[in-house]
Amino acid sequence: MEAVAGDETVGELLRAAAALVPAEHYAIAALVAFSVFAYRFLELHVIGDLLRGLRGGRVELVFHPASEIYHCVASKCRSLHGRYLATPWLASPHLQTLFLGISGRPPSFTYKRQLYTVRDGGTVALDWLLANLEDGIISQDASTPLVVVVPGLTSDSDAAYVKHLVHSMARKGWNVVVSNHRGLGGVSITSDYFYNGGWTEDVREIVNYLHQKYPEAPMFCVGTSIGANILVKYLGEEGENTPVAGAASICSPWDLVVCDRFISRKLVQRLYDKALAFGLKGYAELHQPIMARLANWEGIKKSRSIREFDHHATCVVAKYETVDTYYRRCSSASYVGNVSVPLLCVSALDDPLCTREAIPWDECRANKNIVLATTPNGGHLAFFQGLTAGRLWWVGAVSEFLCALHDSSCMHRQKAGDHVLQSSLESSIDKSPYVSIMGDGMVAPVTNDGSDNDEPPSNQIDNGLKLNNGVNDSQQDEKDHKSCISVDETPAKTPAGSAKQQGEEHYANKIHDAIDPVRRSINQLSRYQGKSVGLLAYIAFVTSWPLLGSLALIVFRKKFRKPLSAKL
C-alpha cells in the first residue's frame, strides 16, 4: 500500500511539473521533432549545402585510365568537372522528382508527328523538332547532327524532362526526334506486342531507318530512365554493328532485380512503387481490348506494385517464365561490356527509384568507351538548377558532351560491311502518314499534294503533307536486289545477252575476289580442325580405355562361360 501511494505521489508531482511548462515550449518541441522526421523522411540536404557554402556536390567521374573518350571529349566538358547545386527550395530527391512530375517548367513548342509501322505491325510515333523552324524537311544529304530521344516508363515526348532536352539540342542547331514507345503519345496498339524494359526492336528499326534515310547526318541517342536501360541494352547487343555515333544514358536502372528489391524496401519507395503501378495500369486501360486478350486482365486491375503488373502483364505477353527472369534478361548491366560507341552515363546517388547499388561501377571502368558521371544529389531525372528551377543540370551536361564528341575524332562509325547487313531489316519498315498533334491532344493526318512524305515535317502545324504510296526507298532497293539475283540465275536470251553476260562475269569475278580470302581461312581452319579431331579422338580413347576394357571382359566372360562348362 505504501508503494502504491508513493507511485501516485510521484505521478502527481510529474503532472504538476509538466503543467508549469508553457504550452509554447511544447509546440516548439513538437515542431522540432516533426522537422527532424521530415528532414530524414524527405532526405533533405539543405544543411549540407549550407555547410559546403552553397557550392553543391562534386561530380565524380569513373572511366578507364586509357579512355580516349575521356581525354578527348569528357575532359573538355566543364559541367562534368564542376559541382552541382540543387535548387534550394527543392533540396531533396523526392521534392525534385515530385516537382518534375507535376510541373517541371518545360519550354513551350510544338512537335510535328510522323507515324511508322514496324515489321511486326506495331505503330511508333516519331515527334520531330527541327533546328531550322522555317524548313519543313531534312534533305537526305544534310550533315546536321540528329538526336534520337528514348523516353522513360509511361513517358512520351510531352514529358517535361524530354522537352527540356529537345529544346536545348534544337537551340544548338541540331535536329531532334523523340521515339515514343508503342502505345504512348496518343497512338493505339496495332499489334500483339507491347514494349517493356528490355524491348530493343523498336529502337533498332528506327535507328536503322534514320541512318539509311540520312546517311550524312551523324546520329546520337539519349535514353532516360527505362529508356536508358533499353538504349544501353541495344548498344550492347549491336556492339560495333550500329550507326549510332555517340549516346548518353540518364538515370538508368541498370539492374532491374536490384531496383525491384530497392523500391519495396522503405515506406517512401513503396509510395513510388504504387504510383508507377498506377501509371502502368492506366497505360493498360488505354489498350484494354488487346491487353485483356493477351494478358491476365483481372490480375492487372488488382496490381498494387510494378512487380505485380509485370507478373500479370509483361511476363504473359513477352512469354517470360518469371518476373525475375524478365528482370535478369532485360537488365542493361549485363550488356555494358559490349558497348562500342562513346557513352556518357549520368546517375544521382540519391535517386529514389534507381538505387546506386545497381550501378555497374567496375564494368563502366573497364570499358574504354564509357564515362560514368555521378552526383550526390539530383533525384530521378530532375537535377534542377537556379532559384527558379528553370534548368536541368543533366541536359546541359549531355548537350556539352555530345557537342564535344561531334567536334572530335572519337565518334563511332559503322563499318561498311555491317551497314549492308542491316539493309534487310531497314527495308521492312513501312512508313505511315505524317500527322499533326491538335490542341486537344488528338492525332490527325494531314495531306499536301506537293510534299514528299518521306521527309520529316516542320514544327509549325500546317496542312502540307500527303500519304505514302506504300513503297519506300529501301523496299525498292530490295526489289532491285532481287531482280539482280534473278538475272544472275537466268541465261541471256536476247541480242544484248553478250554484254549482259560480260557484266555477269565481271560481277562473278568480284564476288570470287571477295570470298577468296574467306575460303582460304576456312581451309586453314579445316586443317587445324582435322588435327584437333585426331587429338580429341586420341584423348577420348586413352581416357575411356579402362571402361571399355572392363565392358569387353564382362562380355567375353558371358559369351564363353557356357561353351567351356559344356566341354568340361
Side-chain angles (χ1 to χ4, degrees), residues 62-64 67-70 73-74 124 145-152 165 176-179 181 195-212 217-256 328-347 354 358-373 394 397-398 401-402 405-406 408 410-415 417-419 421-422 425-426:
V62 174
F63 54 90
H64 192 280
S67 172
E68 185 179 1
I69 305 302
Y70 171 77
V73 180
V124 177
L146 174 62
V147 180
V148 181
V149 181
V150 185
L165 175 63
V176 190
V177 57
V178 181
S179 178
H181 302 294
Y195 85 98
N196 56 55
W199 182 260
T200 58
E201 295 304 319
D202 291 345
V203 173
R204 181 175 291 105
E205 292 200 28
I206 294 301
V207 166
N208 288 333
Y209 163 72
L210 293 175
H211 177 63
Q212 183 186 28
M219 186 186 308
F220 302 87
C221 291
V222 180
T224 57
S225 190
I226 203 68
N229 186 79
I230 295 173
L231 176 61
V232 175
K233 182 173 180 285
Y234 157 74
L235 295 176
E237 290 172 346
E238 295 297 301
E240 292 284 349
N241 187 27
T242 176
V244 176
S249 165
I250 312 300
C251 295
S252 172
W254 295 110
D255 192 321
L256 301 181
R328 289 190 180 95
R329 292 182 182 177
C330 295
S331 295
S332 60
S334 304
Y335 297 84
V336 172
N338 200 39
V339 173
S340 302
V341 306
L343 175 65
L344 172 67
C345 304
V346 178
S347 293
C354 304
I359 300 176
W361 304 91
D362 293 340
E363 289 82 351
C364 292
R365 185 180 290 106
N367 193 326
K368 297 182 180 180
N369 299 300
I370 295 179
V371 174
L372 172 64
W394 68 265
V398 169
F401 177 82
L402 295 183
L405 178 61
H406 178 256
S408 70
C410 298
M411 287 194 302
H412 174 262
R413 289 175 174 80
Q414 185 183 28
K415 297 179 180 179
D418 295 337
H419 177 65
L421 292 175
Q422 295 295 326
L425 179 62
E426 295 160 359

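When all heavy atoms of Val244 and Val341 are compared, the pair lying nearest together is O-CG1, 3.5 Å. Of all non-hydrogen atoms in Gly236 and Val339, the two that sit nearest each other are N-CG2, 4.1 Å. Of all heavy-atom pairs spanning Cys221 and Val207, the tightest one is SG-CG2, 4.1 Å. Across all their heavy atoms, Ile230 and Gly197 have their closest contact at CG1-O, 3.3 Å. Scanning both residues, Pro243 and His211, for their nearest heavy atoms gives CB-CG, 3.2 Å. Closest of all the heavy-atom pairs between Gly152 and Ser225 is CA-CB, 4.0 Å.
Judged as a ring-ring contact (aromatic ring centres under 6.0 Å, His included), and not counting sequence neighbours, the contacts of Phe220 are Trp174. Scanning for side chain to side chain donor-acceptor pair (under 3.5 Å) contacts around Asp202 gives Arg182, Trp199, with sequence neighbours left out.
Summarising the geometry, atom CD1 belonging to Ile226 is positioned 8.5 Å from atom CG belonging to Asn196; distances are rounded to the nearest 0.5 Å. Separation of atoms CZ (Arg329) and OG (Ser334) is listed at 12.0 Å; rounding is to 0.5 Å. Atom SG of residue Cys330 and atom OH of residue Tyr335 lie 7.0 Å apart, to the nearest 0.5 angstrom. Between atom CG of residue Asn208 and atom CD of residue Gln414 there is a gap of 7.5 Å, rounded to the nearest 0.5 Å. One distance of note links CG of Leu235 with CZ of Arg204; it measures 10.0 Å at 0.5 Å rounding. One finds the NZ atom of Lys368 at 12.5 Å from the SG atom of Cys410 (value rounded to the nearest 0.5 Å).
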Check: Please walk me through it: do Phe401 and Val73 pass side chain to side chain contact (heavy atoms under 4.5 Å, CB included)?
Finding: CA-CA 7 Å; Phe401 177 82; Val73 180; 3.7 Å; yes
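Side chains of Phe63 and Ile69 form no contact here, defined as non-hydrogen atoms less than 4.5 Å apart. Counting heavy atoms from C-beta on, the side chains of Leu343 and Ile370 come closer than 4.5 Å.
Just one of Val176, Val148, Leu231, Leu402 meets the side chain to side chain contact (heavy atoms under 4.5 Å, CB included) condition when paired with Val222; it is Leu402. None of Leu372, Asp362, Val371 except one satisfies the side chain to side chain contact (heavy atoms under 4.5 Å, CB included) rule with Val62; the exception is Leu372. Between Tyr234 and the options Thr200, Asn229, Thr242, a side-chain hydrogen bond (donor to acceptor under 3.5 Å, both in side chains) holds for only Thr242.
In terms of modelled atom types and a separation under 3.5 Å, the side chain of Ser252 and the main chain of Trp254 share a donor-acceptor contact. Under a 3.5 Å cut-off, the side chain of Lys233 and the backbone N or O of Gly198 do form a donor-acceptor pair. In this structure a side-chain-to-backbone donor-acceptor pair under 3.5 Å is missing from Asp255 to Ala358. Side chain of Thr224 to backbone of Val150: a donor-acceptor contact under 3.5 angstrom is found. Checked by atom type and distance alone, the side chain of His181 pairs as donor or acceptor with a backbone atom of Pro151 at under 3.5 Å.
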